[in-house]
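Since the structure is predicted, the reported quantities are computational estimates derived from the model, not experimental observations. Each chain gets a letter, A, B and so on, in the order its sequence line appears, and its residues count up from 1.
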Amino acid sequence: MTKEEKLIIDQCMADLSQWKVQDQPAPYRPVEEYFHCKVKDIDTQMCIFLNGWYVHDNMPLTISPEGVIVGSLTEAAQRFPEKVLPYLNQKSLPKEDDLSVLNRQRYNDGLFVYVPENVTVEKPIQLISLTDSPDELMINNRHLIVLEKNAELSFVQCDDSIQFKKSFINNVTQIHLAEDARLSYYKMENKNPESMLFNEVDVEQKAHSQFYSNAMTFNTGYLRSRINVLLTEPFASATMHGLYLVDRQQHVDTQVFVDHQVPNCESHQLYKGIVDDSAKANFLGHVVVRPDAQRTLADQTNRNITLTDTAHVTSRPFLEIYADDVKCNHGTTVGQLDDDAMFYLRTRGICERNARMLLMFAFANEIANNIKIDSLRERYLVMIRKRLNGELTICDQCVLHCPHLVNG
Amino acid sequence: MLKIENLHVSIHGKEILKGVNLEINKGEVHAIMGPNGTGKSTLASVIAGKDIFEVTEGSITYEGKNLMEMSIEERAREGIFIGFQYPVEIPGVSIANFMRTAIDEKRRYHGQEPLTELEFRKMMKEKAKVVELTEKLSTRSVNEGFSGGEKKRNEIFQMAMLEPKLSILDETDSGLDIDALRIVANGVTQLKSPENSTIVITHYQRLLDYIVPDFVHVLFDGKIVKSGSKELALELEHRGYEWIKQEYESANNQ
């Protein structure tokens with residue numbers, strides 16, 4: 001843990017009474033009243049959390065004909081305890097810290113998604129967490145995603161602020177992938193600069209399961225994004241991509257932990273960042289290869305571009321290997337834009353500013369291009385362009401539905 | 001069009017060009033030849049605007065303007081093109097996007113309307129033919145994973161797109177096999193007009209079989225020590241550079 005991270009956590013945790021907790025959901029209002037969705041070219045099943053509460057009109061759970069359950073976690077725990085409690089009570093999650101414990105003690109609700117055996121969910125499920133309150137809120141949500149054998153799902157999670165109010169958000173998402181299950185998990189952070197957001201994602205993978213995650217951070221105050229992956233049965237694979245574009249005083253901590261417990265699994269990490277002004281980015285990638293985990297394939301890469309002398313990047317890719325028949329590598333770079341490339345572009349008549357833009361866009365695209373939902377990828381590319389252009393500070397709505405991006 | 005007078009250039013305190021004089025008029029083709037390490041590429045880089053080089057004395061005038069006061073991109077927009085010996089790979093920037101940006105900026109600079117998407121695509125297609133590049137090219141990243149020949153063809157393709165008044169081709173023939181050399185040279189020849197000028201920097205005569213120069217200069221020890229007609233290139237091919245060196249040294253000793 002870095003000094004600053006500790007400082008921020010202490011600030012948030014020292015006196016929890018400084019935060020207001022909304023102890024019940026606001027009376028139901030149609031989503032459209034405060035959240036305008038003019039663009040719907042991304043076709044998702046949308047689930048909205050407002051100030052930590054699931055927004056629904058007397059329908060806390062929906063169950064599709066195939067048996068896909070989506071809705072309130074607390075409701076699901078009562079109606080389907082056998083599908084929920086074994087996971088919620090599981091104590092073996094890795095690296096539980098003060099924040100995870102706080103979440104465990106205080107969470108009020110969260111989203112529950114259950115996909116039965118052999119079911120492929122065609123429409124991505126999209127979780128949008130909004131904060132909109134005159135108070136300085138603390139929110140603890142715990143989301144649970146369970147994919148049974150050979151199930152498949154794309155999940156999109158967006159954190160957005162509607163107001164510029166200070167907030168302390170401490171979320172945990174638990175993901176359990178049974179044999180052959182496949183999950184694509186896309187995450188987008190677009191919070192106001194006063195927000196302190198802690199996101200932990202705990203993934204447990206069985207044999208041959210595939211986990212893909214892609215996290216984009218465009219705006220935040222402080223963000224700590226943590227992924228813990230347990231590979232508990234052979235031939236599971238986890239790929240994690242991430243991009244952070246931060247400026248001003250923003251601060252992003254990315255912490256990835258992968259535990260190779262058994263043979264023949266693979267994990268890949270590629271995180272990239274462009275850090276401007278006095279922003280800070282820390283990357284900590286930790287891969288453990290246990291003595292039994294022979295034929296492990298693991299790599300981790302972190303690349304950063306700093307645009308100013310005051311931008312700050314710390315990168316620590318870290319491998320801890322106890323098996324002897326493995327292929328692992330890690331690498332990290334922190335630097336400026338390539339001078340030779342800048343010169344080359346300018347000799348073709350492109351001004352310095354645009355040459356920088358082209359190079360930064362290219363750098364960032366590598367992450368966005370891996371997104372398999374076309375409309376989402378196109379939106380992200382527009383977002384990146386606008387963000388690098390300085391046109392985008394913070395969207396007051398989830399960017400995926402943001403009207404001013406239609407023609408962007 | 002271009003007038004270089006008594007040009008002295010240093011890098012890290014070491015003088016590379018020691019008084020170059022050269023004048024190029026509209027429609028002319030000049031070849032600059034000479035052994036390795038005599039300052040040929042430095043001359044091209046200085047004209048392009050590479051800032052690691054320091055001009056300590058002399059001047060370069062382009063179309064009546066002081067070139068040294070123009071930014072790198074301004075020089076390009078005013079019609080100077082450098083075909084590089086080692087084109088840079090730029091992963092993630094597509095050739096289409098690259099050229100689109102370059103042409104838009106040039107047109108804006110000259111007060112012209114931007115091309116429509118259709119016009120631009122048509123232009124890409126036509127210009128790609130000049131160096132026998134396929135259309136698939138446009139979605140590829142600039143020079144990334146290109147063979148030596150493809151990189152040089154891509155340089156000439158960019159030259160075709162940007163329609164420069166003055167092209168400086170720095171060792172465009174190096175690393176090319178016979179076929180690639182022919183394609184590149186044919187490309188350059190197609191782009192030739194009475195309105196534009198070309199400087200060909202090369203070691204060898206073979207490129208000059210295709211691109212026939214009006215003048216041949218020999219750069220040695222940071223100066224142009226000999227100038228002549230295209231026959232000079234043939235003589236150099238035949239006799240090497242040793243006699244130039246001897247002539248230069250004996251002249252200096254007198």
Worksheet item: Can you tell which of B/S71, B/A102, B/P87 has the highest number of heavy-atom pairs within less than 4.5 Å of chain A?
Response: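 Heavy-atom pair counts peak at B/A102.
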Discussion item. Which one wins on heavy-atom pair count under 4.5 Å against chain A: B/E78, B/E89, B/R75, B/Q158?
Written reply: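 Highest number of heavy-atom pairs under 4.5 Å: B/Q158.
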To check you understand the geometry: which heavy-atom pair defines the closest contact between [X] and [Y], and what is its length?
X: A/A362; Y: B/P91; result: CB-O, 3.4 Å
X: A/D340; Y: B/V88; result: O-CG2, 3.8 Å
X: A/L358; Y: B/N97; result: CD2-ND2, 3.9 Å
X: B/E105; Y: A/N354; result: OE2-ND2, 2.7 Å

Discussion item. Has A/E366 got a side-chain atom pairing as donor or acceptor with B/G92's backbone, closer than 3.5 angstrom?
Written reply: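 Answer holds: no.
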Taking everything shown except [X] itself, do over 12 heavy atoms lie less than 6.0 Å from its [atom1]?
X: B/E117; atom1: CD; value: yes
X: A/K372; atom1: NZ; value: yes
X: B/R121; atom1: CZ; value: no
X: B/L118; atom1: CG; value: no
X: B/F146; atom1: CZ; value: yes
X: B/K192; atom1: NZ; value: yes
X: B/N66; atom1: CG; value: yes

Worksheet item: Taking the side chain as C-beta and beyond, is there a heavy-atom pair between A/D339 and B/K50 under 4.5 Å?
Response: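 Heavy-atom side-chain distance check fails, nothing below 4.5 Å.
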Measure the [atom1]-[atom2] distance between [X] and [Y] for me, rounded to the nearest 0.5 Å.
X: A/T347; Y: B/I47; atom1: OG1; atom2: CD1; answer: 13.0 Å
X: A/I350; Y: B/R100; atom1: CD1; atom2: CZ; answer: 12.0 Å
X: A/R348; Y: B/K106; atom1: CZ; atom2: NZ; answer: 12.0 Å

Part of [X] within contact of chain A (heavy atom distance under 4.5 Å):
X: B/N143; value: side chain
X: B/I72; value: both
X: B/P164; value: neither

Discussion item. Parallel, tilted or perpendicular: which one describes the rings of B/F84 and A/F343, with boundaries at 30° and 60°?
Written reply: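 Rings of B/F84 and A/F343: perpendicular, as their planes differ by over 60°.
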Discussion item. Between A/L345, A/L359, A/D338, A/N365, who has the most heavy-atom pairs with chain B when the cutoff is under 4.5 Å?
Written reply: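 Highest number of heavy-atom pairs under 4.5 Å: A/L345.
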Practice prompt. Test A/C351 against every option in B/E74, B/R77, B/R108 by the side-chain contact (heavy atoms from CB on, under 4.5 Å) rule and name the one that passes.
Written response: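 Between A/C351 and the candidates, side-chain contact (heavy atoms from CB on, under 4.5 Å) is satisfied uniquely by B/R77.
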